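None of the values given here were measured: they were computed from a predicted structure. These numbers come from the heavy atoms of this one structure, side chains and all, not from hydrogens, waters or symmetry mates.
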Amino acid sequence: MNLTGQVYLCSAGETFDSVALALYGEEAYAADLLNANPTLCTTPIFTGGEVLALPVVEIPESEGENVYMPAKAPWKE
């Protein structure tokens, strides 16, 4: 997936982890979204209309590799 220069328009009720799950397939990528959008880091739940810059992240191929991905985001433990 190549998202260089792409942005995402948030809907009301979305969070960084829900956007990460929807776009990258894992909530763990919320940290990458937070790092790419430091001005929104203190926003726990979006009101709608926020525009997120989408970082390019390397998503490992899980087939044939021993890749550890936590069952849920570390801050939810």
Distance, nearest 0.5 Å, that separates CD of Glu14 from CG of Leu21: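 These two atoms lie 11.0 Å from each other.
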Measuring from Asp17:CG to Leu34:CG, what's the distance to the nearest 0.5 Å?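 One gets 9.0 Å once the value is rounded to the nearest 0.5 Å.
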What heavy-atom pair brings Val51 and Asn37 nearest, and what distance separates the two atoms?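 Answer, listing the atom of Val51 first, then Asn37: O-OD1, 4.2 Å.
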Can you name the closest pair of heavy atoms from Asp32 and Pro55 and give their distance?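 In terms of heavy atoms, the two residues are closest at O-CG, 3.5 Å.
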If you look only at pairs with a residue in residues 43-56, which of them pass as a side chain to side chain donor-acceptor pair (under 3.5 Å), with sequence neighbours excluded?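 Sorted result for residues 43-56: Thr47-Glu50.
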Can you name the one residue among Leu52, Val56, Leu54 that meets side-chain contact (heavy atoms from CB on, under 4.5 Å) with Gln6?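 So, applying the side-chain contact (heavy atoms from CB on, under 4.5 Å) to Gln6 and each of Leu52, Val56, Leu54, only Leu54 qualifies.
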Start with the C-alpha gap between Tyr8 and Leu33, add the side-chain angles, then the distance that decides, and say whether side chain to side chain contact (heavy atoms under 4.5 Å, CB included) holds. CA-CA 11 Å; Tyr8 177 79; Leu33 286 173; over 6 Å; no
What do you reckon, is CG of Leu9 surrounded by more than 12 foreign heavy atoms closer than 6.0 Å?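 Buried by this count: over 12 neighbours within 6.0 Å.
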Excluding sequence neighbours, so at least two apart, what forms ring-ring contact (aromatic ring centres under 6.0 Å, His included) with Phe46?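 Counting only residues at least two positions away or on another chain, Phe46 forms a ring-ring contact (aromatic ring centres under 6.0 Å, His included) with Phe16.
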Can you name the residues that form a side chain to side chain donor-acceptor pair (under 3.5 Å) with Ser18, not counting sequence neighbours?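 Per chain and number, Ser18 pairs via side chain to side chain donor-acceptor pair (under 3.5 Å) with Thr15.
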